[in-house]
2 protein chains.
Amino acid sequence: MATRDPIRMFRDYLRRKGLRCTAERDEIVQALQRTSHHFRVEDVVADLAARGSSASRATVYRTVPLLVEAGLLCVGDALPGGEFTYEFVHGRDHHDHLCCLRCHERIEFAERGIELLQIDVARHHGYRLVGHHLDLFGICPKCQALEQGGG
Amino acid sequence: MATRDPIRMFRDYLRRKGLRCTAERDEIVQALQRTSHHFRVEDVVADLAARGSSASRATVYRTVPLLVEAGLLCVGDALPGGEFTYEFVHGRDHHDHLCCLRCHERIEFAERGIELLQIDVARHHGYRLVGHHLDLFGICPKCQALEQGGG
DNA sequence: GTGGCTGCAAAGAATTTGCAAAGGG
DNA sequence: CCCTTTGCAAATTCTTTGCAGCCAC
């Protein structure tokens, strides 16, 4: 397994960018590993606070964009109020998402057929495909039921 | 051209849901047609204000989620500060994007096969599919050539 | 030793909400 | 008529920012 330590990956990224490796940044990455797979920034803040970490809310907010750029996080969908969800993508197989517009349930799926067609599209345009980002939006079964019941 | 009138599409949606067709909601859809293809909620608010529309900011915010669910709008990228961009989708004129990571060329494409598979995925999970957001990332032919030349 | 990083708390924005009045079906 | 929708503006909530001291390099 080539799964590398995410803390190390982030440090490598920071060094490449001439930024500094700090205890706070390490702690934030550790928090990502403890937090649920799909999470909000506030979840990380809460986790750190509960552990008595020295990393503050502001530092978390300042670090998240770096983590996204480093490839450790993906931006997910938005919650009412404009808050974002993120996904910790380190060391996991690629997958796409099916999201409920109502309750924001987030189902992961991998569809070989779609990926193959993507390769076709890229090739048709002469592109060498590197990656993709696919979100499907819809209404989940539960919310559909509520709808008919009189939601 | 099979493109249906978006106002009518929205009204149909509202009726299906037992919601009401109002002048304000019509005006918001009209504003979408005037606003640039990718826009922010505040752009719509500004457009309506400039026209002296009776639709207020609150109403716009309350209507946008309905438009997304109705399939007339797609959620686009997020801006710093948590603000969203939206995209006005004309019925079946929907398209996805193929982006070059080097030169940021942005090609639009529509691949029926992918869309059909998406419907399958959604159905398999019991979801009613409303929309999707797909970006392919790669290297365009020109940049590939430069690469080999010694980029 | 230097320049980036951090915490704190207040500022800044975007979005939501409550309530009474107006209007669609 | 009943129930949804609306406007207004305050409230809520997420995110950014300014500054002084600390710390990685």
Side-chain angles (χ1 to χ4, degrees), chain A residues 7-8 10-29 31 39-49 51-70 73 75-86 101-102 104 147 149-151, chain B residues 7-8 10-29 31 39-46 48-49 51-70 73 75-86:
Chain A
I7 293 189
R8 181 176 210 168
F10 191 38
R11 287 185 170 183
D12 286 348
Y13 167 81
L14 292 171
R15 291 206 181 88
R16 274 199 307 280
K17 296 269 291 185
L19 301 175
R20 295 182 181 164
C21 302
T22 66
E24 286 81 2
R25 285 171 174 170
D26 281 356
E27 286 169 20
I28 289 170
V29 177
F39 62 91
R40 303 165 304 135
V41 176
E42 288 299 322
D43 294 329
V44 178
V45 173
D47 178 286
L48 290 168
R51 278 177 60 91
S53 165
S54 57
S56 71
R57 167 175 281 101
T59 295
V60 176
Y61 274 98
R62 284 188 276 230
T63 301
V64 163
L66 297 176
L67 288 161
V68 171
E69 211 178 291
L73 291 186
V75 181
D77 75 336
L79 274 38
E83 190 179 13
F84 281 100
T85 62
Y86 292 88
L101 291 170
R102 290 280 170 72
H104 298 279
E147 216 167 63
Chain B
I7 294 189
R8 181 175 198 167
F10 192 38
R11 287 184 170 185
D12 287 348
Y13 167 81
L14 291 170
R15 291 207 180 87
R16 273 201 306 281
K17 298 266 295 182
L19 300 175
R20 293 182 184 168
C21 304
T22 67
E24 286 81 2
R25 285 171 175 171
D26 281 356
E27 286 168 22
I28 290 170
V29 177
F39 63 91
R40 303 165 305 136
V41 174
E42 288 299 322
D43 293 330
V44 178
V45 172
L48 291 168
R51 278 177 59 91
S53 165
S54 56
S56 71
R57 167 175 280 102
T59 296
V60 176
Y61 275 98
R62 283 188 277 230
T63 302
V64 163
L66 297 177
L67 288 162
V68 171
E69 215 178 288
L73 288 186
V75 181
D77 298 323
L79 274 38
E83 191 179 11
F84 281 99
T85 61
Y86 291 88

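Note that this is a predicted model, so its numbers are computed, not measured. Lettering of chains follows the sequences in order, A, B, ..., and the numbering in each one begins at 1.
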Under 4.0 Å between a side-chain N or O of B:Thr59 and OP1 or OP2 of D:dT5? no

Atom-to-atom span, CZ of A:Arg57 to C1' of C:dA10 - whole angstrom: 13 Å

Just how far, in rounded Å, is P of C:dA14 from CZ of B:Phe39? 16 Å

Interatomic distance, B:Glu24 CD vs D:dT6 C1' [rounded to whole Å]: 6 Å

Does the A:Arg51 side chain pair with the main chain of A:Ala31, one donor and one acceptor, at a distance under 3.5 Å? no

So A:Arg25, base contact, sugar-phosphate only, or nothing? Heavy-atom distance under 4.0 Å. sugar-phosphate

Should the ring pair A:Phe10 and A:Tyr13 be called parallel, tilted or perpendicular, given that the plane angle runs from 0 to 90° and is split at 30 and 60? parallel

Between D:dC8 (P) and B:Leu48 (CG): distance, integer Å: 13 Å

From OG1 (A:Thr85) to NE2 (A:His104), nearest 0.5 Å: 9.0 Å

dist A:Cys21:SG -> A:Leu14:CG (nearest 0.5 Å) comes out at 5.0 Å

Residue pair A:Glu27 / A:Ser53, side-chain donor-acceptor N/O under 3.5 Å: yes

Closest to the side chain of B:Val41, out of D:dC14, D:dC8, C:dT15, is C:dT15

Is the base of D:dC3 touched by the side chain of B:Arg20 through a donor-acceptor pair closer than 3.5 angstrom? yes

Within the 4.0 Å heavy-atom criterion, would you say A:Ala23 contacts the bases, only the backbone, or no part of the nucleic acid? nothing

In whole angstrom, give the distance that lies between atom CG of B:Asp26 and atom P of D:dT6. 11 Å

Find the distance B:Tyr86:OH to C:dT15:P and express it as a whole number of Å. 7 Å

D:dT4, OP1 or OP2 - any side-chain N/O from B:Thr22 closer than 4.0 Å? no

Taking the nucleotide of DNA chain D with the nearest heavy atom to each, does B:Leu66 or A:Arg15 sit closer to the 5' end? B:Leu66

Nearest listed nucleotide, side chain of A:Arg62, among D:dG18, D:dT15, C:dT15: D:dG18

Using whole Å, report how far CZ of A:Arg11 lies from P of D:dA24. 11 Å

Using heavy-atom distances to pick each residue's nearest nucleotide on DNA chain D, tell me which of A:Pro65 and B:Ser53 is more 5'. B:Ser53

Could you give the CG-to-P distance, from A:Leu14 to D:dC23, as a whole number of Å? 19 Å

Starting at the 5' end of DNA chain C, which residue's closest nucleotide do you reach first, B:Leu19 or B:Tyr61? B:Tyr61

